[in-house]
Amino acid sequence: MKTYNRALTGLFAAVAFATVVGCRTNKDILNDYEKAMVAGDYAAPVAEVEAKADDGGVDELLWRLHAGGSRYLLNDFEASVAQFDKAEDVFLRNDQTSVFRQGSDGAFAMLSNDRAFPYSGGGEDRIFTCLYKAIDYMRSNQTDAARTELNRAAQHQDNWLWERKKEIADAASKLKEDSDAYAKEKGGSESSGGADEAKSDQAVNSAFADADFSAQIREKCGFDTARSGNVEIIARKDWLNRYAQHVTGVFRWVSGDGDAAGFFRELSEIDPGNALLSADFAAAASGAKPRNQVWVYVEDGLGPVREEWRLDLPTVLIPYLNRYILYAGMALPYLRYRDAACASYSVAAGGQTMPLVELQNVDELLKTEFDVYFRGALTREITRTVVKAGVQVALGVVAENCSDNYTRIALRASQVAAATWAASVTQADLRNWTGLPKKVYAMRVPRPADGRFVLSGSGIPVADVTLPEGNSIVFVRKPSAQAQAVVKTVTFRN
């Protein structure tokens, strides 16, 4: 037994050592990307993220989005659109074939972790991709292209719930396949698939119902196992991107397109206390075309990033003989929320100072999307742990009751190997587009005679622009208090 324990300890140490000395990880690159964004050094991460994107593989979409976002902030129109176009090629590929099927070449991929599969992005990734392309098309006077991108963003909003449900179904199907195959091959049973599935389902239900376990999840991950991420009860207002919707309404209004009021109507119904939304809806619904109106949008701060939380699944939730289990760890992601750049914004124009109103809490949008992902991820992690623990138990029981010494040693070695593999692949998926804003503020104000606008954040000037006659839209990005603001302006003839 001492030799057996030393072997187990040595194998786990080898796994830990391999993890530590590995090459530069996604998380390392994302952490450096964050530092560059906070410093306002938008060019610093470009070379690395573009090289990673060009490598392709399961993380191509992740790096395309970061590369496009960086080029967008650098006002490198052609390179930004090129990266976002390539990102959309990946999105389309994922539409045709589930990421859980694309990443299924490796044996028991779903039993390892979600990192084994291509990054699929989320609905907000797609919506912001279209929005940023539309903004740059507006600035380059490509009105038809901008209209197309805004229409596509609206379509992605309509598809949001259906896409999330499809991902959930695809993941569940793949998890069942890999769980059954792993249990049969490693456990040596040809008929245990149904029993193992029942045990997994029992463990998931027990975990979700266990008050102590649920309290841990709620405290660390901000996730309510009873309600959070349930696609059957999520309302459209919880995932609707008000920023993209409002920009679309403004664009259609100033361009003379039809149904601008319809985009404003839904927003005013969702957020009836927002004076900007009510005023824009009333004005657009009246049929009057705007003249010399200026809309200002400020994307403030940085949205949440994923971090890893490792824990042991409480053994009371594992329907096995616990003494045979050598490893039963779990790794789950949680959101780390980042700082705002400014507490508030205002615009000085024509001798008046007017505050911007909060249009969209992007943190809340991304939390809704994360919760939908997390409900599935939690189920998968519990199932993985139970299935991998079940194999250890099966091998341990057979070894203990085996009379042949050599066979018993071989079974023990297989048990240790199963536990070591389980430990080595236990990691959370920490991939997400980390360049998105925390909040979006907005306002509409008549253009003053001199056309000059001074935007201030927390009382400190952050942008000074002078606009020609016509209807204009000003887009400002302020990732942190110390980062220089990026300003993009678009003017339409009256």
Side-chain angles (χ1 to χ4, degrees), residues 42 65 68-85 87-88 124-157 241-264 267 276 280 283-284 289-299 347 356 359-360 362 435-437 440-447 451 453 455 463 465-478 485-494:
Y42 307 124
L65 295 173
S70 291
R71 291 293 186 182
Y72 175 82
L73 293 176
L74 291 169
N75 284 315
D76 189 343
F77 165 70
E78 291 186 357
S80 174
V81 170
Q83 289 294 342
F84 283 138
D85 280 345
E88 293 204 89
E124 295 309 323
D125 285 4
R126 301 190 81 160
I127 292 165
F128 271 102
T129 293
C130 293
L131 176 60
Y132 288 154
K133 287 172 67 179
I135 291 171
D136 269 351
Y137 279 132
M138 286 185 220
R139 293 181 67 237
S140 63
N141 296 317
Q142 298 185 52
T143 305
D144 289 342
R147 181 181 294 106
T148 297
E149 292 301 332
L150 291 174
N151 288 342
R152 294 179 65 245
Q155 186 62 57
H156 289 316
Q157 301 226 70
N241 188 319
R242 294 159 170 80
Y243 178 30
Q245 180 101 340
H246 192 263
V247 171
T248 302
V250 170
F251 175 85
R252 296 181 72 84
W253 194 15
V254 300
S255 299
D257 295 345
D259 197 30
F263 289 89
F264 296 138
L267 294 176
L276 169 67
D280 279 350
K289 185 174 180 179
R291 291 181 60 84
N292 287 325
Q293 297 295 298
V294 177
W295 286 263
V296 180
Y297 297 98
V298 178
E299 297 183 28
V347 163
L356 277 70
L359 176 62
Q360 178 65 68
V362 183
L436 296 178
V440 179
Y441 297 85
M443 71 175 301
R444 173 165 63 95
V445 62
R447 177 187 179 275
F453 295 82
L455 173 71
V465 298
T466 300
L467 300 170
E469 286 196 11
N471 296 304
S472 296
I473 310 177
V474 180
F475 298 95
V476 180
R477 183 74 173 95
K478 180 75 170 157
V486 175
V487 181
K488 298 173 183 275
T489 64
V490 185
T491 299
F492 302 81
R493 291 182 180 179
N494 285 323

Determine, stepwise, if the pair H246 / V440 fulfils side-chain contact (heavy atoms from CB on, under 4.5 Å).
-> CA-CA 11 Å; H246 192 263; V440 179; over 6 Å; no

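- Here A244 pairs with I127, L131, Q157, N241 under the side chain to side chain contact (heavy atoms under 4.5 Å, CB included) rule; sequence neighbours left out.
- The minimum heavy-atom distance linking T491 with E469 is given by the pair CG2-O, 3.6 Å.
- Proximity of a side-chain donor or acceptor of S140 to a complementary backbone N or O of Y137 within less than 3.5 Å is detected.
- Summarising the geometry, atom CZ belonging to F492 is positioned 10.5 Å from atom NZ belonging to K289; distances are rounded to the nearest 0.5 Å.
- Contact annotation: the side chain of Q245 never approaches that of L359 to less than 4.5 Å [non-hydrogen atoms, C-beta and beyond].
- Using a 4.5 Å heavy-atom cutoff, the side chains of F453 and V445 are in contact.
- The minimum heavy-atom distance linking A485 with K478 is given by the pair CB-CD, 4.2 Å.
- Looking at V247 and M138, their side chains come closer than 4.5 Å, going by heavy atoms from C-beta outward.
- When the salt bridge (Lys or Arg N to Asp or Glu O under 4.0 Å) test is applied to K133, the partners found at least two apart in sequence or on another chain are D85, E88, E149.
- Under the salt bridge (Lys or Arg N to Asp or Glu O under 4.0 Å) criterion, D259 pairs with no residue at all, not counting sequence neighbours.
- When all heavy atoms are compared, the tightest approach of G470 to N292 is N-OD1, 2.7 Å.
- Using a distance-only test at 3.5 Å, with no hydrogens or angles considered, a donor-acceptor pair links the side chain of R447 to the main chain of L467.
- The cationic atom of K488 (NZ for Lys, CZ for Arg) lies less than 6.0 Å from the six-membered ring centre of Y72 and within 45° of the ring axis.
- Pairing each heavy atom of F264 with each of G249, the nearest pair is CZ-C, 3.4 Å.
- Taking each heavy atom of A79 and R71 in turn, the nearest pair found is CB-CD, 3.7 Å.
- N471 places a side-chain N or O within 3.5 Å of a backbone atom of P290 that can act as its donor or acceptor partner.
- For the residue pair W295 and D280, a side-chain donor N or O sits within less than 3.5 Å of a side-chain acceptor on the partner.
- Residues Y441 and V296 fail the side-chain proximity criterion, which asks for heavy atoms closer than 4.5 Å.
- Looking at R444 and V250, their side chains never come closer than 4.5 Å, going by heavy atoms from C-beta outward.
- In this structure, N75 and V487 approach most closely via the heavy-atom pair ND2-O, 4.4 Å.
- In this structure, the ring-ring contact (aromatic ring centres under 6.0 Å, His included) partners of Y243, at least two apart in sequence or on a different chain, are Y297.
- With sequence neighbours left out, Y42 forms a ring-ring contact (aromatic ring centres under 6.0 Å, His included) with no residue at all.
- Atom SG of C130 and atom CG of D125 lie 11.0 Å apart (nearest 0.5 Å).
- Between F251 and T143, the closest side-chain pair of non-hydrogen atoms falls below 4.5 Å.
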Should V81 and F84 be marked as a side-chain contact (heavy atoms from CB on, under 4.5 Å) after you check the CA-CA gap, both sets of side-chain angles, and the distance that decides it?
-> CA-CA 5 Å; V81 170; F84 283 138; 5.7 Å; no

Chi angles and distances behind the side-chain contact (heavy atoms from CB on, under 4.5 Å) call for H156, T129 = CA-CA 11 Å; H156 289 316; T129 293; over 6 Å; no

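- Residues F77 and R139 fail the side-chain proximity criterion, which asks for heavy atoms closer than 4.5 Å.
- The structure places CD1 of I135 at 4.0 Å from CZ of F475, a figure rounded to the nearest 0.5 Å.
- In this structure R477 satisfies the salt bridge (Lys or Arg N to Asp or Glu O under 4.0 Å) test together with E299, sequence neighbours excluded.
- In this structure, L356 and L455 have side chains that are in contact, with non-hydrogen atoms separated by less than 4.5 Å.
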